Amino acid sequence: MIEKIFDIEHESTDGKSRRGILHLPHGDVKTPVFMPVGTNATVKALTKDDLEEIGFEIILANTYHLYLRPGSDIIEQAGGLHGFSMWKKNFLTDSGGFQVWSLSKLRKITEEGAYFASNIDGSRHMFTPEKVVDVQAQFNSDVQMQLDVCTGFGIEKKEALKALEITENWAKRAKSEWLIQKDRGYKGILLPIVQGNFFEDLRKRSAEFVSELDLPAIAIGGLSVGEPAEEFASMLEYTVEHLPKEKCKYVMGIGTPDYILEAVHAGIDMFDCVLPTRNARNGSYFTHDGNLSIKQERFAKDFSPVDRECNCKVCRTYSRAYLRHLFKSQEILSSTLASYHNLYFLHNMMAEIRNAIDENRFEEYRTNFLTRYRGGNIV
């Protein structure tokens, strides 16, 4: 019997959104939740203390990159990711499947696993679903993902079906290996991944398959891969319809306010993306009136905060003029302050979303937020 790790605390009466608690080895996580991406066991430009100050309860790390450098044995010897990085709250680690697909110039997918060349030194490696489970157990991940086959938008159905068949086989093998690790004392949970590209019958098949695995939570993959926004929203809603309501659901790779609001609207509980910090390093700040590009000349003498309604220490302390100066001068502090603001903005938005769900007004909140965010875009 797979343990229950998710409690739905309140379901909104005005839609499918819900607020819950995810019970994980390094503390409870309030949902819906946005998770910052710390590819190399660090969120770029920020310290663990910054993340704790903002209030995050879970962050991501990347299996592919950490397996290649510094190596899973070293991380295990350090006490897992928590001992290695000193982040004492939860870690979710991805499977590395996306990186094999997107980074490796040499890769071959077979029934056995994914054969690939390192993007660092060209050395050759093999990921099997069992090995990926074992590596993530060495990391002591609180949430780990199965190895899956990623596909892009616009591929032929035959290719999507082949990828799905392999992903299903890998999910069964990953579950078997995870149960072995559980017997050895590993506490983290394993998530299977819904695939099927943008074909409804394949999506339904995959959703029903992962539901039958009866794992603690479910991830939805193969979205936000270059498709139009309306395709993302419709396929996400269709997929969720074929998944058990009581399971925690995670959509990978979304991290802008509009996509997050669409996901919560569809009943999703968890999401992540590198975009908030990547955009920050390029001088782009989230605001209630759209994205603000700090590099623009018109901000050179603007001594107002980035967002007057934001209460983060960046907006309380620094002006647009100063932040523009830091960016134009290529000061490291520019990336730190912009990353802090963008993550604070999303974390605060998630708190507002949970409150709106509790008060059965999420759809009103969503409409009002998007009207202003899209209509007032100040790029």
Side-chain angles (χ1 to χ4, degrees), residues 34-41 43-44 58-69 72 81 91-110 113-120 125-133 135-136 139 141 143-155 159-160 162-171 173-174 190-198 202-203 206 210 217-227 232 235-236 239 249-256 259 263 268 270-278:
F34 173 77
M35 303 175 287
V37 175
T39 300
N40 290 301
V43 175
K44 283 183 170 58
I58 182 170
I59 64 173
L60 267 69
N62 184 272
T63 296
Y64 173 94
H65 291 290
L66 292 172
Y67 165 78
L68 293 176
R69 184 172 56 197
S72 53
L81 285 171
F91 268 105
L92 183 151
T93 50
D94 60 15
S95 69
F98 179 80
Q99 285 71 35
V100 169
W101 174 64
S102 63
L103 294 180
S104 181
K105 294 179 180 178
L106 171 65
R107 65 177 184 272
K108 183 178 181 181
I109 306 298
T110 69
Y115 181 76
F116 65 95
S118 164
N119 70 307
I120 298 172
H125 304 268
M126 181 75 165
F127 270 176
T128 66
E130 294 85 0
K131 181 171 183 174
V132 167
V133 167
V135 166
Q136 292 178 92
F139 293 163
S141 304
V143 182
Q144 65 161 273
M145 313 299 295
Q146 71 148 115
L147 183 64
D148 63 331
V149 182
C150 301
T151 57
F153 180 66
I155 66 169
E159 183 182 348
K162 180 62 175 176
L164 177 56
E165 289 172 342
I166 294 175
T167 296
E168 289 177 344
N169 177 45
W170 287 358
R173 289 165 55 190
L190 170 71
L191 270 63
I193 301 175
V194 177
Q195 287 290 354
N197 204 262
F198 291 86
L202 299 186
R203 280 274 162 183
S206 184
V210 300
I218 294 171
I220 300 173
L223 297 176
S224 192
V225 289
E227 75 277 10
F232 166 84
M235 190 57 71
L236 178 59
T239 303
K249 301 176 186 68
Y250 164 38
V251 171
M252 299 176 283
I254 62 170
T256 58
Y259 272 70
I268 299 301
M270 305 166 66
F271 7 83
D272 77 282
C273 194
V274 299
L275 202 62
T277 48
R278 178 181 291 165

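Predicted, not measured: the structure shown is a model, and the values here were computed from it.
Here Cys150 contributes atom SG and Ile193 contributes atom CD1; the two are 7.0 Å apart, rounded to the nearest 0.5 Å. For the atom pair CD (Gln136) and OG1 (Thr63), the distance works out to 3.5 Å, reported to the nearest 0.5 Å. In this structure, the separation between OG1 on Thr110 and OH on Tyr115 is 11.0 Å, given to the nearest 0.5 Å. Interatomic distance, CZ of Phe34 versus CD1 of Ile254, reported as 9.0 Å (0.5 Å rounding). The distance from the CD atom of Glu165 to the CG atom of Asn169 is 10.0 Å, given to the nearest 0.5 Å. We find the CD-NE2 distance between Gln99 and His65 to be 5.0 Å, quoted to the nearest 0.5 Å.
For Leu68 against Phe116, the heavy-atom pair with the smallest separation is CD2-CE1, 4.5 Å. In plain terms, the two heavy atoms of Trp170 and Ile109 that are nearest each other are CH2-CG2, 3.9 Å. Residues Ala174 and Val133 come closest through the heavy atom pair O-CG2, 3.7 Å. Taking each heavy atom of Phe198 and Leu223 in turn, the nearest pair found is CE2-CD2, 3.7 Å. Between Val43 and Thr277, the shortest heavy-atom distance links the atoms CG1-CG2, 4.0 Å. Closest approach of Met270 to Ile268, counting heavy atoms only: O-CG2, 3.5 Å.
For the 3.5 Å distance criterion, the side chains of Tyr64 and Asp94 fail to qualify, holding no donor opposite an acceptor. For the residue pair Gln195/Thr167, the side-chain donor-acceptor check at 3.5 Å is not satisfied.
Between the side chain of Ser206 and the main chain of Gly196, no donor-acceptor pair closer than 3.5 Å is present. In this structure, the side chain of Gln146 does not engage the main chain of Pro129 through any donor-acceptor pair within 3.5 Å. With Asp272 contributing its side chain and Pro36 its backbone, the two residues share no donor-acceptor pair below 3.5 Å. No donor-acceptor pair closer than 3.5 Å links the side chain of Ser141 to the backbone N or O of Phe91.
A perpendicular orientation is assigned to the rings of Tyr67 and His125, their planes being inclined by more than 60° (bins at 30° and 60°).
When Ile220, Leu236, Leu164, Asn197 are each tested for a side chain to side chain contact (heavy atoms under 4.5 Å, CB included) with Arg203, only one passes: Ile220. Checking each of Met145, Lys249, Gln144 against Leu191 for a side chain to side chain contact (heavy atoms under 4.5 Å, CB included) leaves exactly one that passes, namely Met145.
At a threshold of 4.5 Å between non-hydrogen side-chain atoms, the residues Ser95 and Asp148 count as touching. Counting only heavy atoms from C-beta outward, the side chains of Leu92 and Met252 never approach each other to under 4.5 Å. Counting only heavy atoms from C-beta outward, the side chains of Thr93 and Leu66 never approach each other to under 4.5 Å.
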Next item on the list: Starting from the C-alpha separation in whole Å, work towards a yes-or-no answer on side chain to side chain contact (heavy atoms under 4.5 Å, CB included) for Lys131 and Leu147.
Entry: CA-CA 9 Å; Lys131 181 171 183 174; Leu147 183 64; over 6 Å; no
